[in-house]
There are 2 protein chains.
Amino acid sequence: MTQKPKPLHSIKVEGPIPAHLARSVIEETLRSAILDGRLPCGTALRQQDLADLFGVSRMPVREALRQLEAQELLSVTTHKGAVVAPLIQGDAAETYELRILLESEAMRQSIPLLTEAEHQLAAGYIDELEAQHDYNEIGRLNRLFHMALYSKAPNQRLLRLVEDGLNEEERFLRFNLEAMGLGKLSQDDHRAMLQAVIERDIPRSLEMLEQHLNRGVEVITRYLATPAAQKRHTAR
Amino acid sequence: MTQKPKPLHSIKVEGPIPAHLARSVIEETLRSAILDGRLPCGTALRQQDLADLFGVSRMPVREALRQLEAQELLSVTTHKGAVVAPLIQGDAAETYELRILLESEAMRQSIPLLTEAEHQLAAGYIDELEAQHDYNEIGRLNRLFHMALYSKAPNQRLLRLVEDGLNEEERFLRFNLEAMGLGKLSQDDHRAMLQAVIERDIPRSLEMLEQHLNRGVEVITRYLATPAAQKRHTAR
DNA sequence: GTCGTAATATTTGGATCCAAATGACACTAG
DNA sequence: CTAGTGTCATTTGGATCCAAATATTACGAC
């Protein structure tokens, strides 16, 4: 039996592709599939399989893979194929240190400009997080909550880096939350942070954010040291 | 006469390319040519020309261009071709604001770990800058000086973002220094900053850095408002 | 039975060919 | 003389074909 474990089923492609924008469609489809976790990190992507799936030749697939490689979503080794890039591992501490720096500034810029609308949006995400048990949704909601707080920061470049970091964390959480044991994250951090933000108390908000992220990095590094994580992150 | 203004001469290619790593060679060659200014922003890159130049088919060229596009060094519009990406423009303020954030942290992390060797290296760059009149070299030396001060920061991710910012500035300086009127930058800022760094006076070092970068953004925004800059940055 | 080697199969990378789209130019009409 | 339109040339995007490299598997020797 050629029973190959290909999680490509999750990638749906509706109808034939308009032919002359095949590459961009493929790139976008793959990117979102990687970011939202339908393609877990470590899965190998065969050019021919993708070509068949999209109903095109290997050519546009190749170019799409190259672009995703340049964006560090894939790691391609010559003649060996494209593999969905691994997530934070040893550099978890560095990653979170950088996030604290970037997100603190984003929050500082954003807080004075946030309106009632964003406050309620963020509160809504917390409620959803409280009720949610689906790991995929938890990662997504967590990202949306944070972005809601930063969204008004005027510096678009900063905001994009912040978003990159959150996307990376989302991928990581989606993939590891279950293995990490903690089924549901307590929303205490989030509630306290939102309260400080609503009161426009910038120093306290930043303090909360830093604590929150530090707690995150602590949980993750502890988890990464466990045998379960070792196994999960090697040999792929 | 087919007198086409192609600055491709500056790209040298020694001997035939090893055939199976054509793409990576082309990508690297083009990247460095763009970063160090041999391909000024705005130049159009024809696939066939590049293929002829490197002595290969258009195929590896296409993939290399795609990767550079994903890295935002090129902007490719379908059926119109690849153009070397424009530089900081309206968002100069944002760019420098972000740089202050990132480089301050890098400097804070690096200062305690710097040794005599780096101090002397940085001092050497200042001396070279003082003597140098070649705009290309000025941009390069400026980048090397800054990186010398940050180089010991343990956070590699942070350091990479810092390096991206410095590369962008270098491209900008190389292309605009002459037009900006200021033939040679005064090295007072650099000297004062280095002195503070050597004394391991972190608060003063950061203060100097912030001032230095703010002066930079001021000069640039003032320049960008001039008609000369307008002309230089439109219609290419 | 296990390890090492050789042959095969799979997969990626490059070349060539063809189609579609955009830009330039010339020709015509007003 | 100018504006508009139609044709042609240039250039990119996709498909197909071929070669090189690596992984896999089978076979044989110890």
Side-chain angles (χ1 to χ4, degrees), chain A residues 1-8 13 15-30 39 42-70 73-85 235-236, chain B residues 1-8 13 15-30 39 42-70 73-85 235-236:
Chain A
M1 304 277 204
T2 56
Q3 176 78 354
K4 300 171 188 174
K6 295 176 191 172
L8 296 187
V13 48
I17 295 182
H20 53 285
L21 31 88
R23 193 218 13 100
S24 62
V25 169
I26 294 172
E27 189 203 335
E28 263 317 305
T29 306
L30 286 181
L39 291 178
T43 45
L45 300 177
R46 304 269 167 251
Q47 293 182 357
Q48 189 58 57
D49 292 346
L50 293 172
D52 295 344
L53 183 67
F54 288 101
V56 295
S57 83
R58 270 176 45 218
M59 188 66 39
V61 173
R62 278 165 65 172
E63 302 206 18
L65 292 180
R66 284 269 169 256
Q67 292 202 278
L68 294 171
E69 182 200 8
L73 290 172
L74 297 177
S75 81
V76 176
T77 52
T78 177
H79 286 275
K80 255 184 56 181
V83 174
V84 178
R236 15 185 92 251
Chain B
M1 303 283 197
T2 54
Q3 176 78 356
K4 300 173 190 173
K6 294 178 192 173
L8 297 186
V13 48
I17 295 183
H20 52 286
L21 31 88
R23 189 213 23 96
S24 62
V25 170
I26 295 172
E27 189 202 337
E28 261 319 303
T29 307
L30 287 181
L39 291 178
T43 45
L45 300 176
R46 303 268 167 252
Q47 294 182 357
Q48 189 60 56
D49 293 345
L50 292 172
D52 295 345
L53 183 67
F54 287 102
V56 295
S57 83
R58 271 175 46 216
M59 188 64 39
V61 173
R62 279 165 63 171
E63 301 206 16
L65 292 181
R66 274 278 124 72
Q67 291 201 281
L68 294 171
E69 183 200 7
L73 289 173
L74 297 177
S75 81
V76 177
T77 51
T78 178
H79 286 274
K80 257 184 56 182
V83 174
V84 179
R236 25 182 80 250

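Chain letters run A, B, ... following the sequence lines, proteins first and then strands; every chain starts at 1. Computation of the quantities below employed the complete heavy-atom set of this structure, encompassing side-chain atoms and omitting hydrogens, waters and symmetry-equivalent molecules.
- Atom pair A:F54:CZ and D:dG14:P shows a separation of 13 Å (rounding to whole Å applied).
- Side-chain contact between A:L39 and A:L45 is present, with at least one heavy-atom pair separated by less than 4.5 Å.
- Rounded to an integer number of Å, the gap from A:R46 CZ to D:dT24 C1' is 12 Å.
- Remark: C1' of C:dG13 and CD of A:E63 are 13 Å apart, rounded to the nearest angstrom.
- Counting non-hydrogen atoms under 4.0 angstrom, A:L45 reaches the backbone sugars and phosphates but no base.
- With a 4.5 Å cut-off on side-chain heavy atoms, B:V61 and B:L53 do not count as touching.
- By the side-chain contact (heavy atoms from CB on, under 4.5 Å) test, B:E63 pairs with A:R62, A:R66, B:R23, sequence neighbours left out.
- The shortest heavy-atom contact between A:Q67 and B:A70 is O-CB, 3.6 Å.
- The side chain of A:Q47 contributes no N or O atom lying less than 4.0 Å from OP1 or OP2 of C:dT10.
- Rounded to an integer number of Å, the gap from CG of A:D49 to P of C:dT10 is 12 Å.
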Look for any protein N or O under 3.5 Å of an N or O in nucleotides 15-23 of chain D and output each such pair with its distance, or none.
| residue | atom | partner | partner atom | Å |
| --- | --- | --- | --- | --- |
| D:dA15 | OP2 | A:S57 | N | 2.8 |
| D:dA15 | OP2 | A:S57 | OG | 2.7 |
| D:dA15 | O5' | A:S57 | OG | 3.4 |

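- Considering only residues two or more places apart in sequence or on other chains, B:Q47 meets the side chain to side chain donor-acceptor pair (under 3.5 Å) condition with B:R58.
- In this structure, CD1 of A:I26 is placed 13 Å from P of D:dG13, rounded to the nearest angstrom.
- The CD-P distance, from A:Q48 to C:dA9, rounds to 18 Å in whole Å.
- Under the side-chain contact (heavy atoms from CB on, under 4.5 Å) criterion, A:S57 pairs with A:M59, A:P60, sequence neighbours left out.
- Atom P of nucleotide C:dG13 and atom CG of B:L21 are separated by 11 Å, given to the nearest angstrom.
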